[in-house]
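Take a look at the structure set out below.
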Amino acid sequence: MKINKLFTYGIYTILTLPLLAISPWFMPPDWGKTIIFRSIIAIVLFLSAYQFLNKFPHQEKNLAPTPNLKNNKIAWILLAFLGWLLLSTIFSVDSYFSFFGNPIRSGGFLNFAFYIIFAIFIFSYAKQQDWKRFLDFSLLMGGLVSLVAIFQYYGILKDLFSYFPTRPPSPIGNPIFLGIYLLLLLFIALVFFIKEKTPPYKWFYGISIAIFLYVILISGSRASYLGLIIGLIYFLLSYPQKIRALKIGVLTLLILVMGMVYYVNTQNHFPEFLEKNRLFQSVQPRLSLAFFLEDERFPAWKIGFDAFLEKPVLGWGLENYAIGFNKHYNTSVANQWWDKAHNSFLEIATTAGAPALILYLFLFGFLFYKLQKIKHQEDKTFIIHGLQATFIAYLVANFFSIDSFSSYLLFFMIVGYSMHLIYADTSETPTRPLSDKNPLKYLTRYKKTTLGALFILMLWFLWQYNLIPLQVNSEINTAQNRVTYKKCDKAIIIMDKVLEKQTILDSWARLKYIDFIGNCSNLYPENSLVYAKRGVEIEKELIKLQPLYVRSWIYLGQFTAIVASGEQDPKAKNSLISDSYSYLDKAQALAPNHLEILTERMRVDMIAGDYEKMVENANQCALDYPDFSTCWWLRALAKIHLKDFSDAKKDIQTAIDKNFNVDNALSLSQLINAYLDVEQYKEMVPLYIKLINLDPSITRHHSSLAVLYAKLGQYQKAREEALIILHFAPEKKADIDNFLKTLPY
């Protein structure tokens, strides 16, 4: 009995996890949730084994009933699906990554296996009275998640909850995931509201429905909008009781939705009360058909489908969608880097093959069929109808999205509940003593040894694959916080200590380290050479762990080129430049059509001083991809180095016309360096002024401009600029006085 109570507390704790999002331990949001989830499930599995072994004493007495899974075909479909995912993981192009995933997505075979274990466990354990409590508790958690989203949307308690004036993510971490999570709860709340007679509960369900609908609306998730509409149409049209008003309601709903969509898409201007309405402003762009039809998902799906066709049986392996996508990428998609399909069906087919997709769809079809067969049972009719509507809404939404921890948690709990409804009358069978030929007999004979071994296994799993990674990830998040506050030295110290540990986050730690190096190089460009040298070391380690990760080869080429730019020995410099080109060749072999590789080649050309080759590559880039503004920008830089200033300015204007941002710190610095190389000092002055306007507190920009004014003979302006430095850096007074003494009056 005590163990059963622990099971109950464990399930309640799991159901609270969607609310968990605390930095630095539990960020990204899904990471902390999956760690706690699989830790609880691991403990539950051990306690289940303890309980199971104690049900089989040598004497035939006090034998309790046990769940019957033998005839549970849904459980077997789940296990078959899991088995195929395991096979795909074993033969994955990156099996380690397929098994563990990384914190940002918190996917991988290990986590998915625990979802299926959770579904089977909760079916095996929960009784009828438990299910109502668990579902009510899930609705309560959904209400709290929604409340956080509303606080974020309206800026309530800003110190506690971040302010998101549009599309709040709540603790779920993403507005799309938030919408799908609430969609899984909505129809259950609706059914309970219809059937409930007790006023307090009826109010609870009614308020839950209202708040879920409102938060789905402000989430801006078009996938959830479409799932909600299709789910509601099914719910109302096939409602178990023939009520004419419902059919009228469906027609009214469709007319209202169609009217709203038509109105939004045919008006250039809206009435003032709508223009000032935050809710309308949040929803209106999500209803735009033009915006929808231009969505990059559609051409990206074509690329994903090409990747699927290359490996249709076992796929590329869980979490490896990006590898196939990169190989087949083309410029029909502006965003070059997709690690997910944003379509669950394509995601499953591409990463685990067509058989996995067939099993996934068969699971839904079989669930729907089995629920329909028992729908005539009076006590189950309405809840089954709600579950069917939930499955339909979820499938429709997932056509335009992917799952997160919170949606997986609810989905597999609902699958467990569906199994309970379907197999309620046959879910338990009397336990019989084990025969001497049954292998489990040996486990019961050496019960203490077996339990001791399982306990050690559980502790090892909790320590090695949960607690240590949780600690390491918190240190990475702490380092990220240091970078945010421009404390790069402290961040580097933390990350160097992190890399000394060997965990399942070895790749993730290095990826984050590279991100930090890039950010710190922008903050402190005077240290860029030091950061680049460290970046080369980190990337070489990362490539050993994930050789198919394209961006690692790109970054390695990029960092090597930066190191080459600071090399004084011509022979060593040429060797580094040659290495940089070879790393980019490796990247191109993995992603033949990625524009970022081509642009990085041009940047290496610039460091090598081969401006003619840079122009040649830029010409080819502009010819093949005329709308890619970076091609024109890099050609402009090359022409400045070649002193073709007139054509350079034309290319700069073309880049601007194609939406290239020339007024950010990076672009301005690139122009300054190009003009400095050819001693065009007058051209540099307005560029430095723009840099200073971006951030007046950066003293090196004032210092460079003061020197530039002095070189141009504008001594008064040089003095004024030098004195500005004193305001931000009084400790530099001696240096400034020495500079001022060099200026003639």
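This structure is a prediction, so every number in the text was calculated from the model and none was measured. Nothing fancy with the numbering, it's 1 onward along the sequence.
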Can we call the ring centroids of [X] and [Y] under 6.0 Å apart?
X: Phe118; Y: Phe114; answer: no
X: Phe26; Y: Phe405; answer: no
X: Tyr408; Y: Phe411; answer: no
X: Tyr234; Y: Phe391; answer: no
X: Phe345; Y: Trp301; answer: no
X: Phe112; Y: Phe412; answer: yes
X: Phe121; Y: Phe7; answer: yes
X: Phe192; Y: Phe204; answer: no
X: Phe382; Y: Phe235; answer: no

Do [X] and [Y] come within less than 4.5 Å of each other through their side chains, counting heavy atoms only?
X: Pro168; Y: Ile150; value: no
X: Met419; Y: Leu78; value: yes
X: Ile392; Y: Phe364; value: no
X: Pro240; Y: His385; value: yes
X: Ser146; Y: Phe212; value: yes
X: Trp316; Y: Thr350; value: yes
X: Val148; Y: Gln152; value: yes
X: Leu346; Y: Phe399; value: no

Worksheet item: Do the rings of Phe134 and Tyr12 sit parallel, tilted or perpendicular, given the 30° and 60° boundaries?
Response: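 Aromatic pair Phe134/Tyr12 classed perpendicular.
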Discussion item. Is there a salt bridge (charged side-chain N to carboxylate O under 4.0 Å, His left out) between Arg133 and Asp136? Walk through the geometry before answering.
Written reply: CA-CA 5 Å; Arg133 298 189 190 109; Asp136 281 346; over 6 Å; no
Over all atoms of both residues, closest heavy-atom pair of [X] and [Y]:
X: Ser208; Y: Ala189; answer: CB-CB, 4.4 Å
X: Ser404; Y: Asp30; answer: CB-OD2, 3.3 Å
X: Tyr163; Y: Tyr154; answer: CE1-C, 3.9 Å
X: Tyr153; Y: Pro165; answer: CE1-O, 3.2 Å
X: Phe187; Y: Leu228; answer: CZ-O, 4.2 Å
X: Leu139; Y: Leu185; answer: CD2-O, 3.6 Å

Should we say atom [atom1] of [X] is surrounded by more than 12 heavy atoms from elsewhere, each under 6.0 Å from it?
X: Phe305; atom1: CZ; answer: no
X: Tyr9; atom1: OH; answer: no
X: Lys132; atom1: NZ; answer: yes

N/O donor-acceptor pair under 3.5 Å between [X] side chain and [Y] backbone:
X: Tyr225; Y: Leu217; answer: yes
X: Lys380; Y: Leu421; answer: yes
X: Ser401; Y: Asn398; answer: no
X: Thr351; Y: Gly315; answer: no
X: Ser221; Y: Ser224; answer: yes
X: Tyr423; Y: Lys73; answer: yes

Item to complete: For residues 207-226, pull every pair meeting salt bridge (charged side-chain N to carboxylate O under 4.0 Å, His left out), keeping only residues two or more places apart or in separate chains.
Response: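 Counting only pairs at least two positions apart or across chains, the salt bridge (charged side-chain N to carboxylate O under 4.0 Å, His left out) contacts touching residues 207-226 are Arg222-Asp295.
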Worksheet item: Could you give all pairs that pass the salt bridge (charged side-chain N to carboxylate O under 4.0 Å, His left out) test and reach residues 102-112, with sequence neighbours left out?
Response: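 Non-adjacent pairs meeting salt bridge (charged side-chain N to carboxylate O under 4.0 Å, His left out): Arg105-Asp339.
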Do [X] and [Y] have a side chain donor and acceptor closer than 3.5 Å?
X: Glu319; Y: Asn102; value: no
X: Tyr321; Y: Glu347; value: no
X: Ser407; Y: Asp403; value: yes
X: Asn111; Y: Ser106; value: no
X: Ser92; Y: Asn320; value: yes
X: Asn466; Y: Arg38; value: yes

Could you tell me the separation between the [atom1] atom of [X] and the [atom2] atom of [Y], rounded to the nearest 0.5 Å?
X: Ile188; Y: Met413; atom1: CD1; atom2: CE; result: 6.0 Å
X: Leu140; Y: Leu19; atom1: CG; atom2: CG; result: 8.5 Å
X: Leu79; Y: Ile117; atom1: CG; atom2: CD1; result: 9.0 Å

Worksheet item: Does the pair Ile176 and Arg167 meet the rule for a side-chain contact (heavy atoms from CB on, under 4.5 Å), with working shown?
Response: CA-CA 9 Å; Ile176 298 174; Arg167 308 192 66 192; 3.6 Å; yes
